[in-house]
Student: 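Structure in structure tokens, see below.
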Amino acid sequence: MSVDESQESAAGVPAGSAGTTAGEWEGLAEQARALAEGRVSSAALVRRSLERIEATQGTVNAFRRVRAEAALDDAAAADRRLAAGERLPLLGVPVAVKDDTDVAGEPTAFGCAGEFPPKERDAEVVRRLRAAGAIIVGKTNACELGQWPFTEGPAFGDTCNPWNLAHTPGGSSGGSAAAVAAGLVPAALGTDGAGSVRIPAAWSHLVGIKPQRGRISTWPDPESFQGITGIGPLARTVEDAALLLDVASGNHDGDLHRPPAIEARAAAGRDPGRLRIALSWKPAQTFTRKPLHPDVRAAVTGVARKLAGLGHFVEEAEPDYGLVGLAFVPRATVGVGEWAARVPDRSLLDPRTRAAARLGRLLGGPVLRRARAVERRQQQRIGALFGPYDVLLTPTTATPPPRIGTLAGLSGWRTDQAMIAACPYAWPWNVLGWPGVSVPAGFSADGLPLGAQLLGPSHSEPRLVSLAAQLQDALRWHERRPPGHPEERAAAPVTPGA
């Protein structure tokens, strides 16, 4: 994959991306269907995934851990089960999970340096993936303890954006986003504590779903980062993201949050009806500058016009965020401190991480309790928007993806300022615990992906998924691929058959 700027077209669409169509066996649902119908083997799909990972580790660098031998063993077992007539939603399909998610036999370093012991048990979400037949090919890179919208660090290097290797895919689920965008796996899970699924989805031309709090179990943690972080899917299509959401959803007896079940994939096949959509440009108050890049404004305006053309009522309206940030900071920093306490050698942590952990110790106790106690009032104030409107449309980020290294060497305060300026739109929904979906909105003048965010009130994933699927049918974003994507190369085809 080249970072040559000459590969980008003047129209802002990367060269080689327009006019392509989805390749055979590239999507999650496509692979599941092909396996069930006997048109391809799990061994062939997993081997192809592993070969692509190996070929791109020196450039994209999406993975922290690759389970090559174990994945091939699991694929062989899946082929035997398929041959015996067994059918499961993802039987034999390769997927990836993020470095903060426990996989039995693998360490969970969460972007940190040092030696971590292997985990004895799968996280509940991994148990559910395996129960659906999925093959876990590896764990993807994440920035240290998921704090920043980039995926870089001394423990693993730089994870690069497949659309332009000089730029970040975002973070903290940047490894999962890069793996899907580069065609290494058809879908992957990330975690979202301040936009960490939605931001890399926007900057990697993917669909990213932040579900309702508790929709996907965070066990062995009863909740993650004091309830602001949840697990969500990244995929090229709404159907694939919804399928992975359905498979991963469900709870452990120890979970603190247990929302009622939904059927996301079924929602992806339904017409959303005529909706009232509020278009918002104003982010929540943080007392820092957050200028909106003109390319982002133009892209999201285009999405709003497309929604209006599809028959929806769209007008500008702003939610009343109040001082929601005062509730976010204690929960986020206490969460950093809780994770930092698990690290074997804390001297290896980034100074910004150690500072955040110290702040978390100061903000724990009464401050944290007050921050959590005001959540209901914040939900009522911000949720008042969903009387006159059904959906809130905002940019996912305020800027296109920055270049690699832009934030890496900054002080803690400068990092926070730069992070808030680039990504001011996603984090309030983590405080509320409500769902959101980032969808591709187009490209910047430099050919970098941009995203728009569909946000809803409590338990509104089905409506958001239906609307996102309707947008995908109109915009056809899934037909575009990064330069150097396997579908753009004369790669050897997958050998069908078991």
Student: Given the ring of Trp148, does Arg352 sit roughly above its face, with NZ or CZ under 6.0 Å from the centre of the six-membered ring and within 45° of the axis?
Tutor: yes

Student: Please round to the nearest 0.5 Å and tell me the distance separating atom CZ of Arg354 and atom CD of Glu144.
Tutor: 8.5 Å

Student: With a sphere of 6.0 Å drawn around CD of Glu263, does it hold more than 12 non-hydrogen atoms of other residues, nucleotides or ligands?
Tutor: no

Student: Checking side-chain polar atoms at under 3.5 Å, does Asp99 have a donor or acceptor matched by the opposite partner on Asn141?
Tutor: no

Student: Do Asp255 and Ser217 have side-chain N/O donor and acceptor atoms under 3.5 Å apart?
Tutor: yes

Student: Measure from the side-chain N and O atoms of Ser466 to the backbone N and O of Ala267, and report whether any donor-acceptor pair falls under 3.5 Å.
Tutor: yes

Student: Any sub-3.5 Å donor-acceptor pair from Ser444's side-chain atoms to Leu448's backbone N or O?
Tutor: yes

Student: Under the side-chain contact (heavy atoms from CB on, under 4.5 Å) criterion, do Arg215 and Leu245 qualify, and how do the steps go?
Tutor: CA-CA 9 Å; Arg215 178 76 62 208; Leu245 176 57; 4.1 Å; yes

Student: State, without any angle test, whether Tyr321 and Gln378 hold a side-chain donor-acceptor pair at a distance under 3.5 Å.
Tutor: no

Student: Does any N or O in the side chain of His257 come within less than 3.5 Å of the main-chain N or O of Gly227, such that one atom is a donor and the other an acceptor?
Tutor: no

Student: Search all heavy atoms of Ser196 against all heavy atoms of Gly146 and return the closest pair with its distance.
Tutor: OG-O, 4.0 Å

Student: Drop me the distance from Arg198's CZ to Thr394's OG1, to the nearest 0.5 angstrom.
Tutor: 8.5 Å

Student: Which pair of heavy atoms, one from Ala235 and one from Asp240, lies closest together, and at what distance?
Tutor: CB-CB, 3.6 Å

Student: Is the side chain of Glu318 donor-acceptor paired with the backbone N or O of Lys282 at a distance under 3.5 Å, no angle test?
Tutor: yes

Student: Where the side chain of Gln57 meets the backbone of Ala62, is there a donor-acceptor pair that is under 3.5 Å apart?
Tutor: yes

Student: Do Trp427 and Thr286 make a side-chain contact, defined as non-hydrogen atoms from C-beta onward lying under 4.5 Å apart?
Tutor: yes

Student: Could you check Glu239 against Arg265 for salt bridge (Lys or Arg N to Asp or Glu O under 4.0 Å), going step by step and ending with a plain yes or no?
Tutor: CA-CA 6 Å; Glu239 181 190 19; Arg265 192 181 185 189; 2.9 Å; yes

Student: Does Thr151 reach the side chain of Ser172, with side-chain heavy atoms less than 4.5 Å apart?
Tutor: no

Student: Which distance, rounded to the nearest 0.5 Å, do you find between the CZ of Arg213 and the CG of Asp192?
Tutor: 12.0 Å

Student: Treating Asp320 as the side-chain partner and Arg381 as the backbone partner, does any N or O pair qualify as donor plus acceptor under 3.5 Å?
Tutor: no

Student: Under the criterion salt bridge (Lys or Arg N to Asp or Glu O under 4.0 Å), I'd like the reasoning laid out for Glu375 against Arg370: C-alpha separation, chi angles, the key distance, then a yes or no.
Tutor: CA-CA 9 Å; Glu375 181 180 298; Arg370 285 197 295 272; over 6 Å; no

Student: Answer yes if the side chains of Thr191 and Lys98 hold a donor-acceptor pair under 3.5 Å, and no otherwise.
Tutor: yes

Student: Leu129 vs Ile136, test: side-chain contact (heavy atoms from CB on, under 4.5 Å). Steps then yes/no.
Tutor: CA-CA 8 Å; Leu129 290 178; Ile136 313 297; 3.8 Å; yes

Student: What are the two closest non-hydrogen atoms of Cys423 and Pro149, and how far apart are they?
Tutor: SG-CB, 3.8 Å

Student: Would you give the length of the straight line joining atom CZ of Arg236 to atom CH2 of Trp477, rounded to the nearest 0.5 angstrom?
Tutor: 13.0 Å

Student: Just wondering, more than 12 heavy atoms not from Arg258 lying within 6.0 Å of its CZ?
Tutor: yes

Student: If we count only N and O atoms by modelled type, under 3.5 Å, do the side chains of Lys139 and Thr108 hold a donor and an acceptor together?
Tutor: yes

Student: Angle between ring planes, Phe386 versus Trp434, binned at 30° and 60°: parallel, tilted or perpendicular?
Tutor: perpendicular

Student: Please examine the side chains of Leu392 and Pro319, heavy atoms only from C-beta on, and report whether any two atoms are closer than 4.5 Å.
Tutor: yes

Student: Is there a donor-acceptor pair under 3.5 Å between the side chain of Tyr425 and the backbone N or O of Trp281?
Tutor: yes

Student: Are the side chain of Arg64 and the backbone N or O of Thr140 linked by a donor-acceptor pair below 3.5 Å?
Tutor: no

Student: Report the C-alpha distance between Asp102 and Arg121 in whole Å, list the side-chain angles of each, state the deciding distance to 0.1 Å, and finish with yes or no for salt bridge (Lys or Arg N to Asp or Glu O under 4.0 Å).
Tutor: CA-CA 7 Å; Asp102 290 353; Arg121 297 181 181 85; over 6 Å; no

Student: Could you tell me whether a side-chain N or O of Trp429 sits under 3.5 Å from a main-chain N or O of Gly456, the two making a donor and an acceptor?
Tutor: yes

Student: For Arg305, I'd like to know if atom CZ has over 12 heavy atoms of other residues, nucleotides or ligands within 6.0 Å.
Tutor: no

Student: With the side chain counted from C-beta on, respond yes when Thr56 and Pro162 share a heavy-atom pair under 4.5 Å apart, and no when they do not.
Tutor: no

Student: Find out whether Glu152 and Thr168 are in side-chain contact, i.e. whether some heavy atom of one side chain is under 4.5 Å from a heavy atom of the other.
Tutor: yes

Student: Does Pro259 reach the side chain of His459, with side-chain heavy atoms less than 4.5 Å apart?
Tutor: yes

Student: Check the pair Arg276, Asp390 against salt bridge (Lys or Arg N to Asp or Glu O under 4.0 Å), reporting the backbone distance first and the verdict last.
Tutor: CA-CA 5 Å; Arg276 301 162 297 170; Asp390 302 304; 2.9 Å; yes

Student: For the backbone of Phe225 and the side chain of Thr229, can you confirm whether one donor and one acceptor N or O come within less than 3.5 Å of each other?
Tutor: no

Student: Hey, what do you get for OG (Ser460) to CD (Gln212), rounding to the nearest 0.5 Å?
Tutor: 7.5 Å

Student: Where do Ile199 and Ala194 come nearest, in terms of heavy atoms and distance?
Tutor: CD1-O, 3.9 Å

Student: For Ala304 versus Val314, what's the shortest heavy-atom pair and its separation?
Tutor: O-CG2, 4.0 Å

Student: Is it true that Glu338 and Arg331 make a salt bridge, defined as a side-chain N closer than 4.0 Å to a carboxylate O?
Tutor: no

Student: When you look at Gln226 and Leu368, which way does the side-chain contact (heavy atoms from CB on, under 4.5 Å) test go after all the steps?
Tutor: CA-CA 9 Å; Gln226 295 294 317; Leu368 175 64; 3.5 Å; yes

Student: Give me the atom names and distance for the closest heavy-atom approach of Asp122 to Arg130.
Tutor: OD2-NE, 2.7 Å

Student: Please check if atom NZ in Lys306 has more than 12 non-hydrogen atoms from other residues, nucleotides or ligands closer than 6.0 Å.
Tutor: no

Student: Given side-chain contact (heavy atoms from CB on, under 4.5 Å), test Leu244 with Leu28 step by step and report yes or no.
Tutor: CA-CA 8 Å; Leu244 189 56; Leu28 190 74; 4.0 Å; yes

Student: Using side-chain heavy atoms (C-beta onward) and a distance below 4.5 Å, is Ile209 in contact with Val465?
Tutor: yes

Student: Could you grab the distance from atom OG1 of Thr218 to atom CG of Leu256, nearest 0.5 Å is fine?
Tutor: 7.5 Å

Student: Using side chain to side chain donor-acceptor pair (under 3.5 Å), reason through Thr397 and Thr399 one step at a time and then give a plain yes or no.
Tutor: CA-CA 6 Å; Thr397 69; Thr399 70; 5.0 Å; no

Student: Does a side-chain heavy-atom distance below 4.5 Å link Val329 with Thr333?
Tutor: yes

Student: Any chance you could lay out the side chain to side chain donor-acceptor pair (under 3.5 Å) test for Glu316 and Ser280, step after step, and finish with the verdict?
Tutor: CA-CA 6 Å; Glu316 293 191 9; Ser280 168; over 6 Å; no

